[in-house]
Amino acid sequence: MSELAGDTKRDLKRRLAGWDSIIILLTVAVLVVASLSISNFGTGRNFTFLVLDLMPIMLVALPMTFIIVTGEIDLSVASTLGLASSIMGYLWNQGLSIESIIPICIVAGALLGALNGFLVTGLGLPSLAVTIGTLALYRGLAFVVLGDSAVADFPFNYTGWVTGTLGGGVIPNVLILIVPLAVIFGVILHATPFGRSLYAIGANAQAAHFSGIRVARTKFWLYVVSGAVAGLVGVLWTLRYSSARADNGAGLELAVVAAVLLGGVSIFGGKGSLPGVLAGVVLLAALQNALRLQDVSGQALNIVTGALLVLSVLLPNIASSIRSNWQRRKLRRAAAV
Amino acid sequence: MATAPPALEVREVTKSFGAVAAVQGVSFTLYAGEAHAMVGENGAGKSTIVKMLAGVYRPDTGTLAVGGAPADFGGPADAKAAGIAVIYQEPTLFPDLSVAENISMGNQPLTRLRQIDRRAMHANATRLFARLGVHIDPDRPARGLSIADQQLVEIAKALSSEARILIMDEPTAALSAVEVERLFSVTRALRDEGAAIMFISHRFEEITALCQRVTIMRDGRHVCTELVADLSVDDMIRRMVGRDLSALFPKQDAVIGETVLEVEGLGREGVFRDISFTVRAGEIVALAGLVGAGRSEVMQAVFGVDRYDTGSVRFLGRPLRAGSPRAAMAAGMALVPEDRRQQGLIMELSVERNVTLPRSRALARLGLLLGGSERREARSWTRQLHTKLGRLSDPVGTLSGGNQQKVVLAKWLATDPKLLIVDEPTRGIDVGTKAEVHRLMSSLAARGLAVVMVSSELPEVLGMADRIFVLREGHLVAELTREEATEESVMYAAMGQQVAS
Amino acid sequence: GGTTKDNSSDSGTAAQAGASADPNAKLKEGLKIAYLPKQLNNPYSDVEVSGGKEAVGELKGEYKLVGPNDASASSQVSYINTLIQQQQDVIVIAANDPNAVCPSLNQARQAGINVVAFDSDAAKECRDVFINQATTQGIGESLVKMASEMAGGEGEIAILSATPNATNQNAWIEVMKTELAKPENAKLKLVKTVYGNDDDQKSFQEAQGLLQSYPNLKVIVSPTTVGIAAAARYVSGSNYKGKVGITGLGLPNQMREYVKDGTVKKFALWNPADIGYLAGYAGAALASGQITGKEGEKFTAGKLKDYTVGADGEIVLGPPTEFTAANIDQFNF
Amino acid sequence: MSAALATATPSPARRLIGGLVRTRELGIILALAALVGYTAAGNPRFLSGQSIRDILLNTAILAVMAAGQAVVVITRNIDLSVGSVLGLSAFAVATMMSANPGLPMVVAILAGLAIGGVAGLVNGVLVRFGRVPALVVTLGTLYIFRGITYSWAGGQQVNADELPRHFLTFANDSFLGFLPWLVLIALIVVGGVSVLMRNYRVGRELYAMGSSPEAAELAGIRVARNLLGVFILSGALAGLAGVLFAARFGTVDAAAGTGLELNVVAAVVVGGVAVFGGSGTVWGAGLGALLLTVIGSALAVLDINQFWQQAIVGALIILAICADRLVAVRIARALRRKDSHV
Ligand SMILES: Nc1ncnc2c1ncn2[C@@H]1O[C@H](COP(=O)(O)OP(=O)(O)OP(=O)(O)O)[C@@H](O)[C@H]1O
Ligand SMILES: Nc1ncnc2c1ncn2[C@@H]1O[C@H](COP(=O)(O)OP(=O)(O)OP(=O)(O)O)[C@@H](O)[C@H]1O
Ligand SMILES: [Mg+2]
Ligand SMILES: [Mg+2]
């Protein structure tokens, strides 16, 4: 038993040295430094803006993390979001009530995700290729549904809720949605047999199949969930900007993938943690917010995002290779003596 | 022999992985015209030495010398250039390339324009296969080859490089007696032409048949290097394990119970046809046959990881849903697959996660996996199988080949099955543990477990099985009882002709 | 498509709405005036804001230029939020979507910031004034007039526009359609409207597609600077040169080559720098209390002299200039 | 006995399968033929000289990039930075040419290749020596290279009237009067890289690296050298594409080529290159680029509603992948049947 305890302690140490905890610490550091050194960063209102800005990426990143952990990818999320937004605008123009439109949009997202899932698991096509195709297809359909118009007259009690705060304070209403969803996804990934099976699938799908894991079915449902969440975010996006348009959310997929990778998830599957991803999303959003307040231009933001992405993987690798080199040299020296 | 400079000299090499000292101060010498065996328990450090000779790892300390000149390999390319060809323990083929391309990768025959001469490449592969006496189409992609065929392609690859030094890490683990004999005759010819051979195996009869000298390893250390003729098999085992070992195949008698598995007319296009057999509780049934006969395929179809086109499977009297390993597991079946790297384990995951993967649902409380239930389970099973490992949280890929095999066994024994299907269960396992695995299977059978064993190792089949089914080219050609079965009768059925030589 | 019907409770109830204008108020110095064009690094935007910079300099204010790299409304919202945090006095914005920027602009106005829309309008409840380059009606009419001249009064014409959602382009196209419906233009036939998304390459390919689909096409009208340049470049390098006319709204510097080689006979534009300049003065006038955005209020905009606020808070710059081979060398923007 | 069997002349079955394998790109060729036939039936001008010329010119740039990308994907990597590299190279070369109108075209091309090559080298070093997955590296450099171009260019634009005449006419001029230079360059690139990948050792090594990276290391393949070469090739070809882009479109700003990476990857995937590496051909990728361009032009010519166009492009991409998959499955089944002894 004492051996067990020792193991646990060593594991903890290793966990702390892992990339996801580094990124969490880095995120906290950036938040603290920015609050102290940039006026207007630490204000309640800025917090609201920050949360609203990171909401779409954060929500879409949750199922995306699952999908990338299983070694697949979904690049169609932003287009699904746009199509859901278009559908929302169209139905609103048709006079449907918002209470019935919102579930329809989420179901529509789920159906779009199911098509992705079918193409990937049913036909065995590579997900990168499939979702590049549906990226174009869904965005195109969004334009078919709503054309070049924008629908803007959504009821204020909904648009106001999305941009508003709890009791007029500093806690944005959307946190009521984000926090429970993040917790649910985190618990599923890290503490359930289902979560375990995702890692197994990502690391070796064949061995997972031999272990009785229903690989295809699992992946299929992940795409459905991803689509449903993208549909939900389409609704939130539309309400936040009180504007349903076919081009809503264009280009968001790369930002989401970047945040997930920054959070320490391996693009090859089988590795990564949800807290790391959440930290990655917050880190990117906070940096952009802070740099914008400092009047750093958009181009420089591009460079920072890109550099962060590369460095996030590069630095730990360099550190570990320095460590092992150093160890080897020590051994050689010991042998020489 | 001592007058010419040794083909390869290994001096005081050491290699550690983090806290694990895999090889500590090992020295030995390979001479031209001699086959040199290396034996040791699982995890003794044999493959690590091979990888140092191949330039994959650089020794932490110590030196290598090739033909008398010191050598410091920066990578496998350097070792190759120095005339060393290696067959690794795990096949390393390129699945998308044709078999012929796999064989000549790196030294393809060229035309005058320095383009690849495909015709010559094809002819080269055909010639090598003829020499090894195997039928593999050189133009087919390597993907989908059985483990044994892959191993044969590896051998052809090593032969094609015409190296001065040939190092083979358990090349025979997946082969049956016929292929092994062909391999040996080719190897002997090479040896007599002046190549230096290093041969690793857990089968002592192979070592006495092929090698002149043997180096024995224990726990990463060099124990001794002696002439094979001077040592008995028991001597070797004693030095390698550090103690005496008793009977190798202690088959216990068991009460044969009711029928557990009924396979009826099973067939899959192009692979096997019309396979029917039954297995009863307490019985160990072996599937024997040549490599590629379709034994693994049959059992994979039974377990549901593969489809089948015709026939049915009944388990404990009830029809079993086809194509669903989950249904098979729920009914009480377990399958230890033959290819541990691709099918058995998830290399990046920890030992603990691997062992508990099929049981994670049962171990969860309220759907959540918290606390140490997984760890306790993993610990008890790996202990029982004498697995040599650092921590349970280490990735299983860092274990030695034999120890990985034990983890696969642990993983499936932990599910407490009613029918255990084991495919090449002792592939790459050392003598000591092999005896342990056999004892375990035997005692499980005695407690009423039904066992189906696919094995290419005849002594294992003859020693363990109550009944033996022989497959040839996808057909069930013979059923032999324990009493009827002899090496000759099984081989006769497997080959469909009198055994030559 | 929908328009803003009853957008929000805070629409039109911005902080200054109740205040009354004092035409004699002195223009304040040191005003923080921020420009937020549709997109940075767009040559047309650059010319516009250069006028703004000049105006803010004359006003002794603090000039600031921010903006997204992509012409999307959502990125503009983030920048508006930042400007609120930075407590600017005036935001001068070319809206990428009239409604999407609305809630944020209203938040800005509640925080005491004056909002001037220029080039492309935001919904009128959420800005104080809009600087219109020319009346929508005027531009639409002049586009049809130029097209008719070039086609010789009859034949097929097509439109190569910016994005399908661009507010100003769509408004002009609407006017063009009404104009074309009139009897004097009965022989002109609008066969197709395509969108180049203000992307050079896409516009180029769309122009190409038009000419293939409509062999009898006489004129391509492109009411966007990116589109007209791309269409002119394609035609000048193909064997359609001399057979198909190009006209629309373009920047003289970009078009000079094609006017000189005869591909383009005539095109039009206002001076973009003047829009930014006028917007700067309008912002200062708002912030100083000279105007509040009500119809009929007057103010003076430096070198551009006097302006009056029109209906719905619109301030019109003036009629567009037409460029031809004869006069193009007098312009440099 | 077995020797005689194995050395026998290829059986009809083998020849059949050989044929099938050789027409791995069959699906896409058929799709292309069907699309062209259908469009031409609807609008005969689609096959006019000017129209074919336009399609080929438009394909040229995409095909050059697809050739480089195909090689990268075959090695089980990806290069998402190509759009940004194109932008950087296009802007740099256009600026250089407008400042020195006397420079010959060859210098422009070499400059483009060099700029792209350096960008590719950065990618390659990070992938190989930083051990960072290619997708992460090139997603990062996609942002970084674009950011550099933006910071450099600001709102500047190089207009056609600032560029020397010979530079602009290069895009429209033809070699020997019938083969446009752009198309000739694309043919040379796609053809040359195809031959390299098929018939030379280094090409087969690249396939091997994509098929099994671990095995490639063990086989003594010089993985580092090859990988750097691959990324430099992809970068250099994107740089070359930048020069062609500048010459063809005349107007260059910092946004040139934004989003092009997805088109390039789509061309490669539609052309039958497996995203997991190890299989596919470069000329297949070239065909993929042609197919995508023809889809775009055909939809414009067929007078299909603008709003439907993008959706149809997406649907056609998916159909093309399905067709490719179907061919692959058929080949696999034929192989299995041939192998079977039951
Ligand atoms: N990459 C690695 N990382 C960490 N430990 C390793 C690694 N490779 C080998 N080891 C450890 O080194 C020791 C020796 O392993 P090696 O593979 O050389 O054994 P072996 O003698 O070949 O055994 P087997 O007969 O089972 O193949 C083992 O304890 C193993 O766990
Ligand atoms: N995925 C696959 N695709 C195509 N052919 C396959 C595939 N897997 C196996 N085969 C072929 O099916 C036949 C049966 O192989 P199988 O592995 O079942 O044989 P086996 O009797 O278990 O022999 P061993 O396991 O000793 O190699 C072989 O000819 C093999 O090459
Ligand atoms: Mg070993
Ligand atoms: Mg087998």
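Predicted model only: the values in this text are computed from it and were never measured. All chains are named by letter (A, B, ...) in the order of the sequence lines, taking the proteins before the strands, and each is independently numbered beginning at 1.
- Only the side chain of B:L357 comes within less than 4.5 Å of a heavy atom of chain A; its backbone N, CA, C and O stay farther away.
- What you find for B:P325 and A:G212 is that their closest heavy atoms are CB-CA, 3.9 Å.
- Heavy atoms of B:Q300 lying under 4.5 Å from chain A belong exclusively to its side chain.
- Both the backbone and the side chain of B:R361 come within contact range of chain A, with heavy atoms under 4.5 Å apart.
- Looking at B:R340, neither its backbone nor its side chain comes within 4.5 Å of chain A, counting heavy atoms on both sides.
- In terms of heavy atoms, B:W412 sits closest to A:F210 at CZ2-O, 3.2 Å.
- The line from CD1 of B:I346 to CD1 of A:I213 is 6.0 Å long, rounded to the nearest 0.5 Å.
- A:N204 contributes a side-chain N or O that, together with a main-chain N or O of B:Q342, makes up a donor-acceptor pair within less than 3.5 Å.
- The contact between B:E348 and chain A is made entirely by side chain atoms (from C-beta outward), counting heavy-atom distances below 4.5 Å.
- With rounding to the nearest 0.5 Å, the separation of OH in A:Y199 from CG in B:L349 is 9.5 Å.
- Proximity to chain A (any heavy atom under 4.5 Å) is shown, for B:T14, by neither the backbone nor the side chain.
- With contacts defined as side-chain heavy-atom distances shorter than 4.5 Å, the pair A:S211/B:K411 qualifies.
- Between B:R326 and A:H209 there is no side-chain heavy-atom pair separated by less than 4.5 Å.
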